[in-house]
Amino acid sequence: MKIKAAVAKAPHSNFSLETLDIEKPRANEVLVKIKGVGICHTDLIARDQFIPIPLPAVLGHEGAGEVVAVGDEVTKVHPGDAVILSFLSCGHCPRCEEGLSTYCQDFPTLNYGGCRADGSTPLSKEGAPVSGSFFGQSSFATYAIASERNVVKVTDQVTKGVPLEILGPLGCGIQTGAGSVINSLRCKKGSSLIIFGAGAVGLSAVMAAKIRQCKTIIAVDPVTARRDLALELGATHVFDSADDNLADKILALCPRGADYALDTSGNPTVINNAITSLGSYGVLGLVGVPPNIESLSSFNIAHLITYGIQIKGIIIGDSQPDTFIPRLIDLYISGDFPFDRLIKTFAFEAFNAAIDSHKKGECVKAVILTN
Ligand code: CXF
Ligand code: ZN
């Protein structure tokens with residue numbers, strides 16, 4: 001079948017909008033007509049080869065749409081179902097078996113290998129293979145092949161009026177921010193949390209911290225509009241990352257140090273500041289991808305031991321998408337998780353303009369409408 005797709009052909013270059021061929025779903029696969037797909041920083045670093053997926057490639061890992069065909073062995077969804085696409089996991093390694101599929105031992109190959117586990121790709125152009133199966137989907141396209149394992153059924157929620165076309169980011173960025181606070185850090189009622197970076201991940205963390213009834217929710221970001229939005233979504237205090245007196249200002253609010261910190265920036269200096277802002281038995285969650293694959297951060301060992309400080313790398317907010325995503329949608333319906341405030345939609349033809357807008361900080365989360 002022919003599809004339209006945004007193809008990454010070279011690092012740091014515009015995506016090329018092209019017609020490709022897509023295979024029929026295999027036994028455990030699902031063909032999804034994509035309604036909307038979010039753009040995430042991870043798509044751009046894959047295009048730029050920080051994640052070395054073979055190019056040309058169709059990226060995109062925040063898709064949402066309607067099931068149009070299923071393979072013979074699929075039982076979870078049927079044609080007509082509304083689904084969100086999330087990350088892929090193997091389902092049988094020790095991590096998957098203990099419910100930690102975000103740490104599936106095959107996570108890198110299944111999500112950024114550019115192909116299925118058997119090395120094949122469902123995408124091609126004029127007979128030449130095009131890398132696909134990015135996060136088990138490659139949803140920068142009008143149709144995507146996903147696995148039964150990484151589709152989350154949201155038919156009931158969509159029937160109630162939840163807009164399917166903007167749900168895709170719940171599969172990655174929004175789930176990462178909310179899950180980091182709810183599942184990974186498990187921030188306690190009355191606690192203090194500092195969030196470094198108020199993009200889609202950081203602002204989702206702000207909303208989740210409010211849900212957890214954190215007492216002090218500090219968001220740090222260089223963009224005024226994002227700080228303003230953070231305050232509207234539940235931050236109790238916001239600071240400009242460029243503020244020379246940032247450490248003192250945080251100390252004034254948390255004299256014994258914060259209980260939790262979440263870094264969404266990946267910036268080693270910010271991470272060091274996050275460590276020193278923590279109090280006794282404080283926990284730092286790391287979700288931001290660093291600027292280079294070799295990026296290092298250093299910390300004072302004695303300080304970490306003395307105060308029992310913990311540093312935790314987090315993938316996708318330690319979420320189990322089949323249960324966590326419907327829970328987030330319920331919170332959206334009740335008005336407690338207004339993630340739609342982060343989203344700006346763009347037509348498929350404006351794909352590259354959407355990326356420019358995201359890069360310039362004009363929108364928090366760009367969602368491309370594909371059908
Ligand atoms: C990614 C970050 C890089 C590792 C895999 C998960 N999260 C979202 O895009
Ligand atoms: Zn992502």
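Just so it is clear, the model here is predicted, and its values are computed rather than measured.
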Flag for Asn150-Ser86: side-chain donor and acceptor within less than 3.5 Å: no
Asp72, CG: over 12 other non-hydrogen atoms inside 6.0 angstrom: no
Heavy atoms of other groups near Glu349 CD, more than 12 under 6.0 Å: yes
query: Who passes side-chain contact (heavy atoms from CB on, under 4.5 Å) against Val32, sequence neighbours left out?
result: Val30, Ile34, Val83, Leu85
- request: Take His358 and Leu44 through the side chain to side chain contact (heavy atoms under 4.5 Å, CB included) test and state the conclusion after the steps.
  value: CA-CA 11 Å; His358 167 86; Leu44 305 182; 4.2 Å; yes
- request: Compare every heavy atom of Val37 with every heavy atom of Gly60, then report the nearest pair and how far apart it is.
  value: CA-CG2, 4.4 Å
message: Walk me through whether Ile84 and Ile329 qualify under side chain to side chain contact (heavy atoms under 4.5 Å, CB included).
response: CA-CA 11 Å; Ile84 295 173; Ile329 299 177; 4.1 Å; yes
task: Check the pair Arg26 / Asp118 against side chain to side chain contact (heavy atoms under 4.5 Å, CB included), numbers first and verdict last.
output: CA-CA 12 Å; Arg26 293 187 179 177; Asp118 69 1; 2.8 Å; yes
- prompt: When you look at Val67 and Val151, which way does the side chain to side chain contact (heavy atoms under 4.5 Å, CB included) test go after all the steps?
  reply: CA-CA 10 Å; Val67 175; Val151 295; 5.9 Å; no
- request: Determine whether more than 12 heavy atoms belonging to other residues, nucleotides or ligands lie under 6.0 Å from atom NZ of Lys312.
  value: yes
message: Treating Thr155 as the side-chain partner and Ala82 as the backbone partner, does any N or O pair qualify as donor plus acceptor under 3.5 Å?
response: yes
message: Taking Val270 as the starting point, is it possible to reach Leu284 by hopping between hydrophobic residues whose side chains are less than 4.5 Å apart?
response: no
message: Tell me if a side-chain donor or acceptor on Gln105 pairs with a main-chain N or O of Arg95 at a distance below 3.5 Å.
response: no
- prompt: Can you hop from Phe337 to Leu262 via hydrophobic side chains spaced under 4.5 Å?
  reply: yes
message: Are Pro291 and Asn267 packed together at the side-chain level, in the sense that at least one heavy-atom pair is separated by less than 4.5 angstrom?
response: no
- line: Correct closest heavy-atom pair for Ala219 and Ala230 would be CB-CB, 3.9 Å
query: Looking only at side chains, do Tyr143 and Asn371 share a donor and an acceptor under 3.5 Å apart?
result: no
- request: May I ask you to test the Ser131-Leu55 pair for a side-chain heavy-atom distance under 4.5 Å?
  value: no
task: Without swapping roles, check the side chain of Thr264 against the backbone of Gly288 for a donor-acceptor pair under 3.5 Å.
output: no
message: Tell me whether Lys210 at atom NZ has more than 12 heavy atoms from other residues, nucleotides or ligands lying less than 6.0 Å away.
response: no
task: Please collect all ring pair (Phe, Tyr, Trp, His ring centres under 6.0 Å) contacts where either partner lies in residues 51-76, sequence neighbours excluded, each pair once.
output: His61-Phe134, His61-Phe135
task: Check whether any side-chain heavy atom of Met207 lies under 4.5 Å from a side-chain heavy atom of Arg341, and answer yes or no.
output: no
message: Keeping Arg227 on the side-chain end and Val238 on the backbone end, is there a donor-acceptor pair under 3.5 Å?
response: no
Flag side-chain contact, heavy atom, 4.5 Å: Leu246 against Asn273: no
- line: Only one of Ile275, Leu286, Val220 passes side chain to side chain contact (heavy atoms under 4.5 Å, CB included) with Asp263, and that residue is Leu286
Residue pair Ser192 / Gly257: nearest heavy atoms and the distance that separates them: OG-O, 4.3 Å
task: Check Arg327, Arg149, Lys153, Lys76 against Asp322 for a salt bridge (charged side-chain N to carboxylate O under 4.0 Å, His left out) and give me the one that passes.
output: Lys76
- request: Side-chain contact test, heavy atoms from C-beta onward, threshold under 4.5 Å: evaluate it for Thr176 versus Ile314 and give yes or no.
  value: no
field: Check ion pair Lys249-Asp243 (N to O, under 4.0 angstrom)
entry: yes
Backbone of Ala144 reached by a side-chain donor or acceptor of Gln137 within 3.5 Å: no
message: Quick test of your reading of the model: are Glu62 and Lys365 salt-bridged, counting only N-O distances below 4.0 Å?
response: yes
field: Heavy-atom side-chain contact between Phe339 and Pro169 under 4.5 Å
entry: no
message: Are there over 12 heavy-atom neighbours, none belonging to Phe50, within less than 6.0 Å of that residue's CZ?
response: yes
- request: Flag yes if more than 12 heavy atoms outside Lys215 fall under 6.0 Å of its NZ atom; otherwise flag no.
  value: no
Ile311 vs Leu304 side-chain heavy atoms within contact, under 4.5 Å: yes
Ionic contact status for Lys2 with Asp21, cut-off 4.0 Å: yes
field: Donor-acceptor contact below 3.5 Å, side chain Asn245 vs main chain Asp248
entry: no
Spatial distance of atom SG (Cys40) from atom CD1 (Ile45) [nearest 0.5 Å]: 8.0 Å
query: Has the side chain of Arg47 got a donor or acceptor atom that lies under 3.5 Å from a matching backbone atom of Ser13?
result: yes
- request: Would you check if Glu23 and Glu29 make a side-chain contact, meaning some heavy-atom pair closer than 4.5 Å?
  value: no
- line: Tightest non-hydrogen contact, residues Leu20 and Ala5, listed as CD1-CB, 3.7 Å
statement: Residue set satisfying ring pair (Phe, Tyr, Trp, His ring centres under 6.0 Å) with Phe348, at least two apart, ordered chain then number -> none
